[in-house]
2 protein chains.
Amino acid sequence: MAADVDNWHTRLRASGHRLTPQRQLVLEAVAKLGHATPEAIVHEVRQTASAVNISTVYRTLDLLEELELVSHAHLGHGAPTYHVTGVDPHVHLVCGACGAIQEISPERLAGIVGELRAELGFVVDMDHLTLAGRCAECLALGRR
Amino acid sequence: MAADVDNWHTRLRASGHRLTPQRQLVLEAVAKLGHATPEAIVHEVRQTASAVNISTVYRTLDLLEELELVSHAHLGHGAPTYHVTGVDPHVHLVCGACGAIQEISPERLAGIVGELRAELGFVVDMDHLTLAGRCAECLALGRR
DNA sequence: ATCACTGCAAACCATTTGCACGGCT
DNA sequence: AGCCGTGCAAATGGTTTGCAGTGAT
């Protein structure tokens, strides 16, 4: 945890930025929440610092994404969800009927991902990957 | 083409709806454009019928999607893109740096898709699938 | 003194909704 | 008559931007 803070600090300083309280709180919120929308992040951050503005959260997330400290994926139709990069990488399976989210290992996609890189030179961004579909339960119940 | 119109007509009537001029134009626009945002669709539709409102386009797309005549995928961060179902199914590779879009055959994902169905009972919606990443050119030029 | 960073409010863009009119069935 | 479908305008949700003040270097 403290090691994370040091790491974040170094990363930001190296690119001419500061690790402000707001930024630290955003990073901690993203790390804690796992899959978090900007709305959820600002809510979490405000538990500690109630005055933090949502536009600061957006600006922070943009910056952190440029620095590759966080990345985002689109799980549903609404807001994107952010997560810290490198930690527990996973691919999402999102049920379009009930909204349930399962995670699978990126390893399982190693096959095609490797082929695409070899044949087309296209490198898939695993952090951003989402597979939409229908979960077993919804299929069994005939939900759509 | 005329066969398509008949098919659409039948499908709509079967579910208690009508194939209005607006709906036909939306369907034709989606079929013609291939990957179209609601904005692009309304623009195309207005070439023929200038008074069509964008909310009609949204409502029409929702209806057509329920009837499974069209489906949508999220290519970029912005608006979703619609396409007619069943025709030329494909999976998109979207470059996050330059925005270029390539298409690959869904067959190439048959492996994991089959595994996920067998092991988890999760059925992937191929029409909705997008793989984000970096294309060969952007990687070569070091773009991000 | 300069420049990064933030809060606030307004602007923006995509999408949705309420309502009243018009036209099928 | 009843109901589906539409245009219009207002509301909404998510995100971005301009600006002025504050604090770090």
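Computed over heavy atoms, backbone and side chain alike; hydrogens, waters and symmetry mates excluded. Sequence lines set the chain letters: A, B, ... in the order given, protein chains first and strands last, and positions in each chain run from 1.
- One can place CD of A:Gln22 at 12 Å from P of D:dG23, the figure rounded to the nearest angstrom.
- Taking side-chain N and O atoms only, A:Ser55 has no distance below 4.0 Å to OP1 or OP2 of D:dT17.
- One atom, CG of A:Leu12, and another, P of C:dC3, lie 20 Å apart when rounded to the nearest Å.
- Heavy atoms of A:Arg59 sit under 4.0 angstrom from at least one base atom.
- The nearest heavy atom of DNA chain C to B:Glu39 and to B:Arg18 marks one nucleotide each, and the one closer to the 5' end goes with B:Glu39.
- Side-chain contact annotation: B:Glu103 with B:His35, donor-acceptor N/O pair under 3.5 Å present.
- In this structure, B:Thr56 reaches the D:dG7 phosphate: one of its side-chain N or O atoms is under 4.0 Å from OP1 or OP2.
- Computed from coordinates, the A:Gln24 CD to C:dT6 P distance equals 12 Å when rounded to whole Å.
- Of the candidates D:dG5, C:dT6, C:dT25, the closest approach to any side-chain atom of B:Arg13 belongs to C:dT25.
- Per the geometry, NE2 belonging to B:His17 stands 14 Å off C1' belonging to C:dC24, to the nearest Å.
- In this model, the phosphate group of C:dT16 is not approached by any side-chain N or O of B:Tyr58 to a distance below 4.0 Å at OP1 or OP2.
- Across C:dT15, D:dT6, D:dG14, the shortest atom-to-atom separation from the side chain of A:Ala79 is found for D:dG14.
- Nucleotide D:dG5 holds its P atom 12 Å from the NE2 atom of B:His9, rounded to whole Å.
- Atom CG of B:Asn53 is separated from atom P of C:dT16 by 13 Å (rounded to the nearest Å).
- In this pair, A:His128 and A:His72 present their aromatic rings perpendicular. The plane angle is above 60°, beyond the 30 to 60° band.
- Within the nucleic acid shown, A:Pro21 has no heavy atom closer than 4.0 Å to any nucleic acid atom.
- When the C1' atom of C:dA10 is taken as reference, atom CD1 of A:Ile54 falls 16 Å away, rounded to whole Å.
- For the pairing with A:Glu28, the side chain to side chain contact (heavy atoms under 4.5 Å, CB included) check across A:Val5, A:Ile41, A:Thr48 returns one residue only, A:Val5.
- The separation between A:Leu19 atom CG and D:dT25 atom C1' is 16 Å, rounded to whole Å.
- Checked by atom type and distance alone, the side chain of A:Thr85 pairs as donor or acceptor with a backbone atom of A:Glu68 at under 3.5 Å.
- Formation of a donor-acceptor pair under 3.5 Å by the A:Thr37 side chain with backbone atoms of A:Thr81 is not found in this model.
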